[in-house]
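Sequence lines set the chain letters: A, B, ... in the order given, protein chains first and strands last, and positions in each chain run from 1. What's counted below: heavy atoms across the whole structure, side chains too, no hydrogens, waters or symmetry copies. Worth saying up front: this structure is predicted, and the values here are computed from it rather than measured.
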Protein chains: 2
Amino acid sequence: MTDRPDTPRSRRERPAKPALTREGIVAAAVAVLRAEGLRKVTMRRLAQELDTGPASLYVYVRNTAELHAAVLDELLGTVGPAPAEGSWRERLEQVLTAYTTMLFEHPSLARSALTARPSGPNYLALIETLLGLLDEGGVPPAQAAWGVDLLLQHATATAAEHSADEASEEDWDALRRVVRDASERTHPHIAALGSALLSGAPHERLSWGLRTLIAGIEHAPAPD
Amino acid sequence: MTDRPDTPRSRRERPAKPALTREGIVAAAVAVLRAEGLRKVTMRRLAQELDTGPASLYVYVRNTAELHAAVLDELLGTVGPAPAEGSWRERLEQVLTAYTTMLFEHPSLARSALTARPSGPNYLALIETLLGLLDEGGVPPAQAAWGVDLLLQHATATAAEHSADEASEEDWDALRRVVRDASERTHPHIAALGSALLSGAPHERLSWGLRTLIAGIEHAPAPD
DNA sequence: ACCTGAACACCGTTCAAGT
DNA sequence: ACCTGAACACCGTTCAAGT
């Protein structure tokens, strides 16, 4: 019998090829997201990262969309709970701002969040927090239920819009040009507003949008 | 010298290969969208449709995103102007509902509209209409300018969410399950609301959302 | 049961070369 | 100038076959 010297060569080549698990896959996905963006979070790339073939991942993940949803829930864990200080309105705005700030760093993830409804534990915790704050503000349950969706939709869509795919900067330029050149005769309101239409930094827009939404929810008609 | 008999065979095989123009490309794109959805509106597929190679399209269209934006503006032409009857609020809701209804038929287009700011003539006309209605309702210009974006964002995001990629139906099921099973202890507000959280047909949600947004814009703080 | 090599059916975009 | 063949560098997903 030999003593146990080094582990065999093949097991040392890479830093301990981890067993394939759902958690391992999601962790690798988060790492790739942080390093290179969601565009690179592909089945093939992850397989490469985990030293296997793409087919193997399908044992743990139904498809790419589900993978992206899992990544989102993971990052949702970093958003944290509501702050202790301030009015319910302020705290509501702060939680949603924290959520959006996280998504601003990964706008492509926001885009996928708009379509792939997450259902992970962190998402659930976020909804619970938001409902609690609306309840504290005396918003009737029916309005609160739909209001939460409206608030999250705005936050998510705002982050998604800032998906700075180089190209989209040109879209903005084009829109600015076209607004600037709008004829007073055919587009009087646009001409009158001019650059006010496109003014405001993203976080100002977000903040205004959230406050406007909250005001709306307070004054909202009850759902039919 | 020969007389000119039939056009040569190669020019009759297909029904008059149209000259390559931007309009022709966009028209083909709309046709493919209608027949098979945005997923098939690819450079390669369009090239095939137009009897050329994909590289040729890049003379007229910068990239796939720009192509999709052009398709959107094209479809925006079918939305039509504001109705003549009703209060400004009702007409505003009707215009936005017509916009959303169009996008509901092409949810993937809605998704792309969220990121690729359109700047075509039909989009501009829509903004002008919306600004006109808000002005009619006495909404101050600064609120109206940002409000229009909020309204369009909600309409667009609502359509995008219903991107019924088969898979996303499973997402909804998962979310419903998780909400139903939410513990009263850890998630009291979710447990209390239960299925109310996910109730409502899409058009009810849209309508409530729009009315809530309009109410919010009327009560909104002025932008900072 | 879990895993995978190989294949199928695609993509966007660029570029050198042609007309 | 306009157009394009061919290539580069990728994708997601399935399935038969292996352990």
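- Under the Watson-Crick and G-U wobble criteria, each requiring two contacts below 3.5 Å, nucleotide D/dA9 is left unpaired.
- Checking B/Glu128 against A/Thr186 by side-chain atom types alone, no donor-acceptor pair falls below 3.5 Å.
- When the nucleotides C/dC2, C/dT14, D/dG12 are ranked by their closest atom to the side chain of B/Tyr58, C/dT14 comes out on top.
- What separates CZ of A/Arg62 from P of D/dT14 is a distance of 11 Å, to the nearest Å.
- Rounded to whole angstrom, the span from the CG atom of B/Leu46 across to the P atom of D/dT4 amounts to 14 Å.
- The nucleotide whose nearest atom lies closest to any side-chain atom of A/Asn63 is, among C/dC11, D/dC3, D/dT13, D/dT13.
- A straight line from CZ of A/Arg22 to P of C/dC3 spans 14 Å, rounded to a whole angstrom.
- Under the Watson-Crick and G-U wobble criteria, each requiring two contacts below 3.5 Å, nucleotide D/dA1 is paired to C/dT19.
- Where A/Ser56 and A/Arg44 meet DNA chain C, the nucleotide closest to each residue was compared, and A/Ser56 sits on the side nearer the 5' end.
- For A/Gln48 and D/dG12, the CD to P distance is 12 Å, given to the nearest whole Å.
- If you measure from atom CG of A/Leu38 to atom P of D/dG12, you get 11 Å, rounded to the nearest angstrom.
- Distance from the side chain of B/Val59 is smallest to D/dC3 among C/dG5, D/dC3, C/dC3.
- With C/dT13, C/dC2, D/dT14 as the candidates, the nucleotide lying closest to the side chain of A/Ala55 is D/dT14.
- A/Ala29 and A/Leu67 get closest at one heavy-atom pair: CB-CD1, 4.1 Å.
- Rounding to whole angstrom units, CG of residue A/Leu67 and C1' of D/dC11 are separated by 14 Å.
- Atom pair B/Glu66:CD and C/dG12:P shows a separation of 14 Å (rounding to whole Å applied).
- In terms of heavy atoms, B/Ile190 sits closest to B/Ala182 at CG2-CB, 3.7 Å.
- What separates CD of A/Glu36 from C1' of D/dA9 is a distance of 15 Å, to the nearest Å.
- Rounded to whole Å, the separation between the P atoms of D/dA9 and C/dC10 comes to 23 Å.
- Contact between the side-chain N/O atoms of A/Thr64 and the OP1/OP2 oxygens of D/dT13 is found at a separation under 4.0 Å.
- Residue A/Thr42 is classed as a sugar-phosphate contact, given heavy-atom separations below 4.0 Å to backbone atoms only.
- Of the charged side-chain nitrogens involved, at least one lies within less than 4.0 Å of a carboxylate oxygen, so that B/Glu66 and B/Arg22 count as a salt-bridged pair.
- Of all non-hydrogen atoms in B/Ile127 and B/Leu152, the two that sit nearest each other are CG1-CD1, 4.3 Å.
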